[in-house]
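Letters A, B, ... are given to chains in the order of the sequence lines, protein chains preceding strands, and every chain is numbered from 1. These numbers come from a predicted model, not from an experiment.
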Amino acid sequence: MDQKQQVIDTLSTVLDGELNKDEITNMIEIPKTSDLGDYAFPTFMLAKLRHQAPQQIASDIVDKLDKRAFEKVQATGAYVNFFLNKTNYSANVLQTILTQQDHYGDANVGKGGNVTIDMSSPNIAKPFSMGHLRSTVIGNAIANIITKVGYHPIKINHLGDWGTQFGKLMVAYMKWGNEADVKKDPINTLLKYYVRFHKEAETNPELNDEARLWFKKLEDGDEKATYLWTWFRDESLKEFKRIYEELGIDFDHYTGESFYNDKMQAVVDELKQKHLLEKSRGAEIVNLDKFNLNPALILKSDGATLYITRDLATAIYRHDTFHFVKSLYVVGLEQQEHFKQLKAVLSLMGDEWAKDIQYIGFGLITQNGKKLSTRKGNIVLLENVLQDATKLALKQINEKHPDLPNKEEVAHDVGVGAVIFHDLKNNRLDSFDFNLEEVVRFEGETGPYVQYTNVRAQSILRKANVKHIDPQSALQLSDANAWDILKLLGDYPATVMRANNDYEPSVIAKYALHLSKAFNKYYANSKVLVDDDEKNARLALVESVSIVLQNALALLGVKAPAEM
RNA sequence: GUCACAGUAGCUCAGCUGGAUAGAGCAACGGUCUUCUAAACCGUGGGUCGUGGGUUCGAACCCCACCUGUGACACCA
């Protein structure tokens, strides 16, 4: 970073009067390949100002520059290319990492402010699908990333534990269900009821009326309805918690939709009092024409509340309770409009903190190009995917490393890691088609590839019989093969910031892949464990790579076993 | 129809604020384990960056139009 400043300062002494430092800063770029240097300055703008050929300008600048701080500076075409002093740079970066360890890349832009994160939020009595995995792992990674830059995350699992689907479930249970089946395999059994309900309701629409009636009973506190609801909820939550444990993810709150039942009337009253409600087609709405949005439906024509009514209550509750500096919602892209409406209504209500609500959308997971649908029974169960992945990992371990201790645990870390990493490595806005083979792949740009890279580094450190390299020892490294690694290591703090600014875990995942690739290349070309002047510096490099890879994986919520 | 997101190699995708020959992985073919774990590394082939205009010294990236896909669009969440 201060390396870049040095480039800027050096250039500005020569370009004084033509370009100021800010202009120069904006023009500095990083060449695609390191044989073109580490920083480059294009001269096209100057060519325009000076009415001169850019190539000529580039070589003029090189002639006039003070080149002492750099390994070399040369003109290539229209560019001035700067090559950093490798030995100084390596000593700086490695010393910083070895000193700071896990804290390398930490920042304090958050200043300890609370950030609520609405994430995961599966529906009770429905299986945990790949779709919920996205919200869960993206939300978790964002929580880790914002923690690293100084915020305090509050992870909230906004369970779908209320609504007419419970009426459907109760009707189905009373008609076709029995207690023993539910106890044996709660979610799958409840799912069967749910699917059957929809199938039968197609030919027998009165079932829907019955379901509505039972949901009304639940709302009115009917004993039997409440009993069933509580039972379904408890059984489902038990299963969800098992899955979260497998994923290594926990929550600060499980306050679901039912939690806000008694908090909606206040919202409706406030909207009324502020004259924001109007009658339309029998329903109570908030007109959002001036936001160029569809109206927000607050009350149905029968007086019942709706999705947005509850989310308004939720947002207000979270603000009053947690005094957040940001409130994040990690919810699929198909709900984008809803969150725009939510913010619009809140700002009409005069809640200036509405601007702190940040919707973090992500693309759908489809199967054979179609949306996954619980109703139609076409879903991919996360649990099955995790099991398949773990099984496959164990098979690999048995082939490659049969005498590894704690094989099962490592297989689990690798299998689950593959699934999580697969979900996080692409831009979160992209949707993707579910393909089991793709998800549980262990070669190429995958989680296990990164894990394996760290295992290699760990293995070297074990063989060298050192735990930590002294940060104060000689860390100058001149090996050209190590250069790409050193630059990447130096980029890590900026990478973390970018992931934070964009709420984009894939930035970290891609970084981990790049660093792994660079290290594996180095590993194939240079031997670390040979006794010469730079051995200590090489070990420092290896330890630094391992520190940063482990940190990046931890941000993503992926485990980093020491052996595999 | 309106709005949103997307369209880059056979497939899955990178490409940071516009810049130097558009990059990876998978798949295909070929090479590398007596030497730090081959879940790796190296090489070969493979591209009208959806289409057409425009802005710019320079566009995969910015602007406009169009085409295609997906999703949302009033009493589900």
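One can place CG of N501(A) at 15 Å from P of rC16(B), the figure rounded to the nearest angstrom. Here rC13(B) presents its P atom at 16 Å from CZ of R428(A), a figure rounded to the nearest Å.
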Expected string for nucleotides 6-11 of chain B under the B/S/- scheme (protein heavy atoms, under 4.0 Å, primed atoms plus P, OP1, OP2 as sugar-phosphate) is ------
Can you give one letter per nucleotide of nucleotides 28-41 of chain B, going 5' to 3': B for a protein heavy atom under 4.0 Å from the base, S for sugar-phosphate only, - for none?
-> -------SBBSBSS
CA sep, side-chain torsions, deciding dist, call: Y449(A), N520(A), side-chain hydrogen bond (donor to acceptor under 3.5 Å, both in side chains) = CA-CA 10 Å; Y449(A) 173 77; N520(A) 280 317; 3.2 Å; yes
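Of the charged side-chain nitrogens involved, none lies within less than 4.0 Å of a carboxylate oxygen, so that K216(A) and E219(A) do not count as a salt-bridged pair.
Both key distances under 3.5 Å define a Watson-Crick or G-U pair, and stretches of 3 or more such consecutive pairs in RNA chain B run B:1-7 with B:67-73, B:10-13 with B:23-26, B:28-32 with B:40-44, B:50-54 with B:62-66.
Along RNA chain B, the nucleotide closest to F41(A) and the one closest to I285(A) are compared, and the more 5′ of them pairs with F41(A). Mapped onto RNA chain B by nearest heavy atom, H422(A) and W162(A) fall at different nucleotides, with H422(A) at the one closer to the 5' end.
Between rC26(B) and rG46(B), the two C1' atoms lie 14 Å apart (nearest whole Å).
Looking at the side chain of P31(A), the nearest of the listed nucleotides rA14(B), rU56(B), rA20(B) is rA20(B).
Looking at L513(A), V450(A), N426(A) one by one, the single match for side-chain contact (heavy atoms from CB on, under 4.5 Å) with E445(A) turns out to be L513(A).
A donor N or O paired with an acceptor N or O is found under 3.5 Å between the base of rA74(B) and the side-chain atoms of S280(A).
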